[in-house]
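Worksheet: the structure to be examined is printed underneath.
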Amino acid sequence: MSTFWRSPRGAVLKLGTDVELQVTGLRNPCAQTDKFQPDLLEAVLGKGPDGELVRKSGIMTIVLKGGGAPGDAISIAFPMPPLLPLEVL
């Protein structure tokens with residue numbers, strides 16, 4: 001799964017055979033993160049080699065097709081070039 005974070009905007013994630021999600025951007029962790037699980041925000045913030053704040057972002061997608069089930073395989077299809085980097089939303 002390490003290639004997902006390098007996915008360009010417009011890449012399509014395929015879950016199983018029936019679900020397609022189009023990558024639209026990055027989600028920056030914020031105070032709302034702790035609403036999902038206490039202390040989760042602390043877990044997704046880190047420090048870089050020079051002490052700078054590193055936010056471990058998640059990706060945002062839109063559903064293009066289908067619905068999934070636990071355990072479905074995930075694959076990725078890149079869009080045609082030019083490959084656009086994800087932007088923090």
Side-chain angles (χ1 to χ4, degrees):
M1 277 208 225
S2 62
T3 59
F4 292 133
W5 70 269
R6 290 185 238 163
S7 299
R9 187 174 48 194
V12 176
L13 303 179
K14 297 181 179 186
L15 288 75
T17 57
D18 299 323
V19 180
E20 292 184 4
L21 306 173
Q22 185 178 42
V23 176
T24 59
L26 294 174
R27 176 68 177 149
N28 224 359
C30 65
Q32 294 178 7
T33 306
D34 282 340
K35 291 181 182 179
F36 294 103
Q37 180 178 327
D39 301 320
L40 185 57
L41 180 59
E42 184 178 334
V44 297
L45 297 177
K47 297 270 184 180
D50 297 323
E52 72 275 13
L53 179 65
V54 174
R55 298 172 193 265
K56 301 171 187 173
S57 299
I59 61 171
M60 297 178 68
T61 65
I62 56 173
V63 177
L64 297 178
K65 179 178 115 174
D72 281 351
I74 300 174
S75 64
I76 186 168
F78 280 12
M80 297 295 294
L83 301 180
L84 303 174
L86 295 176
E87 298 172 10
V88 176
L89 302 174

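Values below: every heavy atom of this structure, side chains too, minus hydrogens, waters and symmetry copies.
Note that the CG atom of L15 and the NZ atom of K65 stand 11.5 Å from one another [nearest 0.5 Å].
Heavy-atom minimum distance, P79 versus R9: CG-O, 3.8 Å.
With hydrophobic clusters built from ILVMFWY side chains whose heavy atoms lie under 4.5 angstrom apart, L84 does not share a cluster with I76.
Cluster partners of L41, using a side-chain heavy-atom cutoff of under 4.5 Å among ILVMFWY residues and allowing indirect links, are V44, L45, L53.
The salt bridge (Lys or Arg N to Asp or Glu O under 4.0 Å) analysis of residues 36-54, with sequence neighbours excluded, yields no pairs.
For the pairing with L64, the side chain to side chain contact (heavy atoms under 4.5 Å, CB included) check across V12, V19, L13 returns one residue only, V12.
In this view, D18 satisfies the side-chain contact (heavy atoms from CB on, under 4.5 Å) rule with no residue, not counting sequence neighbours.
In this structure, the side chains of L21 and I59 stay at 4.5 Å or more apart for every pair of heavy atoms.
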